[in-house]
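Take a look at the structure set out below.
Proteins come first, then strands; the chains are lettered A, B, ... in the order of their sequence lines, and each starts at number 1. All of these numbers come straight from a predicted model, not from anything done at the bench.
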Amino acid sequence: MSQHLDLAYTDFVKDEESLYRSVWRKDYCFFMSDEGNLCLSGEAFADKKRKPSVSRKHLCENPPYSKLPRLSDNDAVVLLTAEIIRKNANPITHKSGKNPQINHIIDVIPDIELPNHISHAVIFATPDFPTDGAFGKLKNSLAILANEWAIRPDDEFIEEIKQRHI
Amino acid sequence: MFIQQTPATKNQTVVLNIPSKTNTPENDSLRSILEAQSSGNFYRLSRTEVIIPKQSDITSPLSYTFDQLDKLYDLEENWNGYEVASPNPDAIEHARSWIGKLYLETQEKKLRWIKPHVTANEEGNAVFEWAKNKRRIVIYVSPKNVDFLKIWGPNILDEMIDGEAMNGISRLSIWEWLLEL
């Protein structure tokens with residue numbers, strides 16, 4: 001029974017759960033809007049397997065400064081909830097070239113296969129994204145939805161990209 | 001960065017749909033380079049070769065963007081910590097050509113220019129991004145194709161449209177949409 005409960009605990013990401021995404025290489029993942037507002041790039045969610053990793057807040061040891069969610073000491077960290085992802089990113093309807101249109105259902109699931117940390121989860125599509133076009137939509141949706149900071153980029157960095165924008 | 005260029009063939013006619021009314025010295029230089037690049041009349045040498053002409057001398061509105069594209073060459077595999085590919089050199093050069101054409105087309109139409117954010121995706125494609133008011137444009141440039149994503153909110157079903165952006169008409173249409181609000 002206890003094993004069953006433990007499995008249930010780690011096997012489903014509840015709607016209300018807070019999820020962190022660590023943003024490394026900030027110069028490639030943040031930019032300024034025309035009005036001078038800091039924007040998160042969709043490429044902050046770029047992922048080889050088209051399954052962006054997130055860390056479940058309540059399973060991190062000392063969030064948001066612990067590793068995980070932070071991949072390195074200089075990272076910014078943004079916050080999302082599972083509910084907002086499920087609500088806004090579903091479904092992704094995409095047609096690539098002459099291929100038939102596909103509806104992708106988006107969800108978040110734990111992914112704790114070793115060597116992953118117990119807090120590790122992934123945002124994924126069913127069926128898998130066949131091309132990066134549909135995944136681009138998901139990345140950009142996540143970038144807009146991640147509008148809460150856990151660790152904001154430092155002022156010096158923000159000033160630097162403001163200057164670049166001019 | 002454009003690289004020292006050596007003619008590969010002679011007497012080849014190059015016809016490009018590049019605006020003719022943007023006859024500033026900067027745009028003329030940019031236009032001639034884009035023509036040469038598109039016609040395949042030049043060998044591309046390694047990026048460590050002598051650079052002629054220097055970007056900042058010929059295309060000041062684009063020099064920062066070209067510098068950012070050059071920096072993509074320095075990104076290695078896994079550059080963002082999530083196992084992504086390193087940017088593809090052919091995608092970077094295609095992106096340079098594409099953004100140069102877009103710039104010239106906007107100048108022809110006397111449209112305002114906004115510097116893009118330059119980055120790369122997990123496939124190694126070059127990516128341009130702009131955000132203005134609640135609108136965003138994302139351009140994905142692969143070695144062969146250019147795709148756009150127009151975004152006006154996070155909802156994928158109702159607030160995003162994608163398509164191809166290979167020709168001048170589609171480029172300008174996307175740009176005008178960004179500037180509309």
* For B:Leu178, is it the side chain, the backbone, both, or neither that has a heavy atom closer than 4.5 Å to a heavy atom of chain A? -> neither
* **Interchain contact, A:Asn37 with chain B, by part (heavy-atom threshold 4.5 Å)** => neither
* Asked: Is there a chain of hydrophobic side chains (I, L, V, M, F, W, Y, each step under 4.5 Å between heavy atoms) that links A:Tyr65 to A:Leu59?
  -> no
* Taking the six-membered ring for Trp, is the centroid-to-centroid distance between B:Tyr82 and A:Trp24 below 6.0 Å? -> no
* Asked: Side chain, backbone, both or neither: which part of A:Phe45 has an atom under 4.5 Å from a heavy atom of chain B?
  -> neither
* **Interchain contact, A:Ser22 with chain B, by part (heavy-atom threshold 4.5 Å)** => both
* Asked: How close do A:Ser141 and B:Pro154 get, heavy atom to heavy atom, and via which atoms?
  -> OG-O, 2.6 Å
* To do: Not counting sequence neighbours, which residues clear side-chain hydrogen bond (donor to acceptor under 3.5 Å, both in side chains) with A:Glu83? List them please.
  => none
* Which one of A:Ile144, A:Asp27, A:Asp75, A:Leu145 has the most heavy-atom pairs closer than 4.5 Å to chain B? -> A:Ile144
* **A:Tyr28 vs B:Val118 side-chain heavy atoms within contact, under 4.5 Å** => no
* Side-chain heavy atoms of B:Asn80 within contact of A:Glu43, under 4.5 Å -> no
* **Heavy-atom neighbours of A:Gln101 CD exceed 12 at 6.0 Å** => yes
* Decide yes or no for B:Tyr64 and A:Arg164: does some side-chain heavy atom of the first lie under 4.5 Å from some side-chain heavy atom of the second? => yes
* Asked: Can you check whether A:Ser33's main-chain N or O pairs, donor with acceptor, with B:His117's side chain at less than 3.5 Å?
  -> no
* Structure fact -> So, the part of B:Leu157 with a heavy atom under 4.5 Å from chain A: the answer is both
* Say you draw a straight line from CG of B:Asn133 to CD of A:Glu35; how long is it, rounded to the nearest 0.5 Å? -> 4.5 Å
* Applying the 4.5 Å side-chain criterion to the ILVMFWY set and letting contacts propagate, would A:Phe31 and B:Ile137 be lumped into a single cluster? -> no
* If you draw a 6.0 Å radius around CD in B:Glu76, do more than 12 non-hydrogen atoms from other residues or ligands fall strictly inside? -> no
* Asked: Taking NZ, NE, NH1 and NH2 as the nitrogens, is one of them in B:Arg112 or A:Asp34 under 4.0 Å from a carboxylate oxygen of the other?
  -> yes
* Asked: Are any of the side-chain heavy atoms of A:Asp47 and B:Val84 separated by less than 4.5 Å?
  -> no
* To do: Find the one option among B:Asn155, B:Val138, B:Ile151 whose heavy-atom pairs under 4.5 Å with chain A are most numerous.
  => B:Asn155
* Asked: When clusters are formed by joining ILVMFWY residues with side-chain heavy atoms under 4.5 Å apart, either directly or through shared neighbours, do B:Trp177 and B:Trp113 land in the same one?
  -> yes
* To do: Using a cut-off of 6.0 Å, state whether more than 12 heavy atoms not belonging to B:Ile169 lie near its atom CD1.
  => no
* chain B contacts, top residue of A:Leu71, A:Ile92, A:Asn140, A:Val23 (heavy-atom pairs, under 4.5 Å) -> A:Asn140
* Asked: Around atom CG of A:Asp155, are there more than 12 heavy atoms of other residues, nucleotides or ligands at under 6.0 Å?
  -> no
* Among the clusters formed by ILVMFWY side chains lying less than 4.5 Å apart, do A:Ile109 and A:Val13 turn up in the same one? -> no
* CE of A:Met32 to CD1 of B:Ile114: how many Å apart, nearest 0.5 Å? -> 14.5 Å
* Sub-4.5 Å side-chain heavy-atom contact between A:Asn88 and B:Glu159 -> no
* **Options B:Arg136, B:Glu164, B:Gln68, ranked by heavy-atom pairs under 4.5 Å with chain A, top entry** => B:Arg136
* Under 4.5 Å, heavy atom to heavy atom, which residues of residues 120-129 of chain B contact chain A? -> B:Ala120, B:Asn121, B:Glu122, B:Glu123, B:Asn125, B:Val127, B:Glu129
* Is the number of heavy atoms from other residues, nucleotides or ligands within 6.0 Å of NZ (A:Lys57) greater than 12? -> no
* Between B:Asp162, B:Asp147, B:Asn145, the one whose heavy-atom pairs under 4.5 Å with chain A are most numerous -> B:Asp162
* Following the transitive rule for hydrophobic clusters with a side-chain heavy-atom cut-off under 4.5 Å over Ile, Leu, Val, Met, Phe, Trp and Tyr, establish whether A:Phe157 and A:Leu40 coincide in one cluster. => yes
* Asked: More than 12 heavy atoms of other residues, nucleotides or ligands under 6.0 Å from NZ of B:Lys150: is that the case?
  -> yes
* Structure fact -> When rounded to the nearest 0.5 Å, the distance separating CD1 of B:Ile156 from CG of A:Leu138 is 5.0 Å
* Asked: Counting heavy atoms not belonging to A:Lys26, are there more than 12 under 6.0 Å from its NZ?
  -> yes
